[in-house]
Amino acid sequence: MTQEHFDRTIDRDQRIEPRDWMPDAYRTTMVRQIAQHAHSEIIGMQPEGEWITRAPSLRRKAILLAKVQDEAGHGLYLYSAAETLGADRTGLTEKLISGRQKYSSIFNYPTLSFADVGVIGWLVDGAAICNQVPLCRSSYGPYARAMIRICKEESFHQRQGYELLMALMRGTDAQREMVQDSVNRWWWPSLMMFGPPDADSTHTAQSMAWKIKRHTNDELRQRFVDMTVPQAEALGVTLPDPDLRWNADRGHHDFGEIDWSELKRVISGDGPCNAERIDVRRTAHEDGAWVREAAAAHAAKQTAAPSSKQIAERAERRP
Ligand SMILES: [Fe+2]
Ligand SMILES: [Fe+2]
């Protein structure tokens, strides 16, 4: 019940479960994929979280608070999924704050205006949905099941972003300019969220064979562009790419060359906010040490065998 069982399960499109035998490389790859995803959810709370205290109305504040809280929840489901593979949560956090594990490079860009909250919902959560819907069919069971709920919430995030942008576009010239400026800044980084081009993507073939990746980076990127162009038109914003046009022969939109050197630079730590994001996370982790200690002490107390004094006290209370 080892390699053969594993291969057959993958072939039949069934799920690998935590207690099943799996190749070491599959386990390592899944831990890396899930951890990177979990870290992205948690770090992704920061760019928008910065606007909670500055939201322009109580309604917008409530919506944004709910959205950022959802991302925390996504992080928690995913850390739990990683734990089913034997990865320990403390270890994962250590790897994040020491820079040994990555998170999505999109969160290393700053949020300069409240329009960024809308554009992140529309484009960043939109790109995340394109990436994540196929992961609901990931061959690793706990991850696939977590993704189903996450995707439902991501689609709410995308709509709330779009609705915010529609409100701004109905507003003043200054508000419309704010939206366009935000779209100009986030469009290209959003396209980079799908990763390097297929030709340079080292893990794709193995990940597709294991069914932990269902489409290539370029396929998903194309799907996102095709989905987003009509939404931009409906909104009345221009996507900042002079080469973007419909190609009737391909049945898809053509788009301009992505600046891959920028992606490499941001991934390797030199984006506008890399140091700040990790700093905030590290500080939050250190500030939370007492909560973890108190929770651990409480749990130990609950499971510890009662002392003879406690047994005597309980006996006295009995009628
Ligand atoms: Fe999320
Ligand atoms: Fe989201």
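All of these numbers come straight from a predicted model, not from anything done at the bench. Just follow the structure's listing: the first ligand is 1, and inside any ligand the first atom is 1.
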Check the surroundings of atom CG in Asp24: do more than 12 heavy atoms from other residues, nucleotides or ligands lie under 6.0 Å from it? no
Distance alone, cut at 3.5 Å: any donor-acceptor contact between the side chains of Arg149 and Tyr77? yes
Looking at Arg159, I want to see if its CZ is surrounded by more than 12 non-hydrogen atoms of other residues, nucleotides or ligands under 6.0 Å. no
N, O or S from Glu153 under 2.8 Å to the Fe ion (ligand 1): no
Just checking: Asp125, one of its N/O/S atoms, less than 2.8 Å away from the Fe ion (ligand 1), yes or no? no
When you measure from the Fe ion (ligand 2) to each N, O or S atom of Glu71, which atom gives the shortest distance? OE2
Can you name the N, O or S atom of Glu41 that is closest to the Fe ion (ligand 1)? OE1
Name of whichever N/O/S atom of His157 is nearest to the Fe ion (ligand 2): ND1
Salt bridge check: are Asp279 and Arg282 linked by an N-O gap of less than 4.0 Å? yes
How many degrees, to 10°, between Glu154 OE2 and His74 ND1 as seen from the Fe ion (ligand 1)? 100°
Within this structure, what is the CG-CZ distance for the pair Leu64 and Arg60, rounded to the nearest 0.5 Å? 10.0 Å
